[in-house]
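Working notes, beginning with the structure itself.
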Amino acid sequence: MLFLLSWPLLSLLGYLYPAYATYKTVERRSSEPDDFRFWCKYWVIMAAFHVLESCLFFGLITWLPFYDVFKVLFCVYLWHPRTQGTLLIYHRAIVPALSRHEREIDNRIAEVQTRGMDLAVEYSRLLASKLMSLAKAGAEAAPKVYERYQHATAQPAASTASTSSYSSGELGEKITGTGEPVDYDSVLRARKPTSTTGMD
């Protein structure tokens, strides 16, 4: 029961309320600069906590009892006016860790951005060339496909027209020489070859 309640409480107290408070701070003209900095620090801590939780400790913390309850209390501790744990954790943990590796992080980000841009340009060119080749092949094959389609649809129409243009009397005249309707059974029996019983 406690596990079922922890996730809604975490969404409400850890994300929805801080997001709404951030919105109010951004849209309110009379907001103090400290309020902006406070909520920025809060989201920095939450991002760092989420990365640590997902990448490093996910296999361990899922087995800890009451971990979800601890997480809810930790989020409230960060933004509650009486505790304001955001200020303590940000200045004691986040700032020393980032300032120590800030230059290295900036260099890696710039390198990734440069490589990402080069890869994006290269793949865009490859995609454009593939699309052009496909369009050219389709344009060359379209007349042949249309010609085959016309040829295939014209043959059944011609055969149907040739057979349906005769009445039963005309068809009988073509086969028997008379204008009477054809008795197809008698025609088939007359054309059926006689079997030979043997040789003399």
Side-chain angles (χ1 to χ4, degrees), residues 1-140:
M1 184 64 180
L2 190 60
F3 173 78
L4 296 177
L5 291 177
S6 59
W7 284 105
L9 287 176
L10 179 62
S11 300
L12 177 63
L13 300 176
Y15 296 98
L16 291 179
Y17 172 74
Y20 181 72
T22 306
Y23 160 77
K24 295 287 288 184
T25 305
V26 171
E27 295 299 326
R28 191 171 50 198
R29 296 182 179 179
S30 60
S31 299
E32 296 293 332
D34 291 340
D35 295 335
F36 287 102
R37 286 193 290 267
F38 177 83
W39 288 114
C40 288
K41 294 173 184 178
Y42 174 85
W43 292 114
V44 170
I45 294 173
M46 290 297 294
F49 183 77
H50 178 73
V51 171
L52 292 175
E53 182 185 36
S54 302
C55 299
L56 300 179
F57 307 123
F58 184 76
L60 300 175
I61 60 178
T62 53
W63 296 97
L64 295 177
F66 304 107
Y67 172 75
D68 298 322
V69 179
F70 162 76
K71 192 173 180 180
V72 173
L73 296 177
F74 175 73
C75 292
V76 175
Y77 164 77
L78 289 177
W79 55 257
H80 198 276
R82 291 188 178 181
T83 55
Q84 290 189 343
T86 293
L87 301 178
L88 178 63
I89 295 177
Y90 182 83
H91 291 287
R92 294 286 182 88
I94 301 296
V95 171
L98 292 181
S99 61
R100 191 180 304 115
H101 304 283
E102 185 174 359
R103 181 175 298 178
E104 182 182 356
I105 294 172
D106 291 338
N107 294 334
R108 293 293 179 87
I109 292 175
E111 183 180 356
V112 170
Q113 288 177 345
T114 303
R115 290 184 178 180
M117 185 61 66
D118 295 339
L119 289 175
V121 172
E122 183 179 355
Y123 281 115
S124 299
R125 290 177 179 175
L126 290 175
L127 180 61
S129 62
K130 291 292 184 180
L131 291 177
M132 290 295 293
S133 61
L134 289 175
K136 184 178 179 181
E140 292 176 355

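How far SG of Cys40 is from CD1 of Ile45: 11.5 Å, rounded to the nearest 0.5 Å. From His50, atom NE2 reaches atom NZ of Lys71 across 7.5 Å, with rounding to the nearest 0.5 Å. One finds the CZ atom of Phe74 at 7.5 Å from the CE atom of Met46 (value rounded to the nearest 0.5 Å). Atom-to-atom distance recorded for Arg125:CZ and Leu127:CG is 13.0 Å, nearest 0.5 angstrom.
Shown here for Trp43 and Thr22, the closest heavy-atom pair between the two residues is NE1-OG1, 3.0 Å. What you find for Cys75 and Leu13 is that their closest heavy atoms are CB-O, 4.3 Å. Here the shortest heavy-atom pairing between Leu12 and Pro18 reads O-CD, 4.2 Å.
Not one N or O on the side chain of Thr86 forms a donor-acceptor pair closer than 3.5 Å with the backbone of Phe38. Between the Trp7 side chain and the Asp68 main chain, no donor and acceptor come within less than 3.5 Å of each other.
A heavy-atom distance below 4.5 Å is found between the side chains of Tyr77 and Leu88. Annotation: side chain of Phe49 is not in contact with side chain of Ile89 (no heavy-atom distance under 4.5 Å).
Note on ring orientation: taking the six-membered ring where Trp is involved, the planes of Tyr42 and Trp39 are perpendicular (angle over 60°, cut-offs 30° and 60°).
The side-chain contact (heavy atoms from CB on, under 4.5 Å) with Lys41 is formed by just one residue from the set Leu87, Ile94, Leu78; it is Leu87.
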Compile the donor-acceptor pairs under 3.5 Å between side chains in residues 95-112 and protein atoms, sequence neighbours left out, one pair per line.
residue: Ser99; atom: OG; partner: Val95; partner atom: O; Å: 2.7
residue: Ser99; atom: OG; partner: Pro96; partner atom: O; Å: 3.2
residue: Asn107; atom: ND2; partner: Arg103; partner atom: O; Å: 3.2
residue: Glu111; atom: OE2; partner: Arg115; partner atom: NH2; Å: 2.9

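Contacts of Asp34 classified as side chain to side chain donor-acceptor pair (under 3.5 Å), with partners at least two apart in sequence or in another chain: Arg37.
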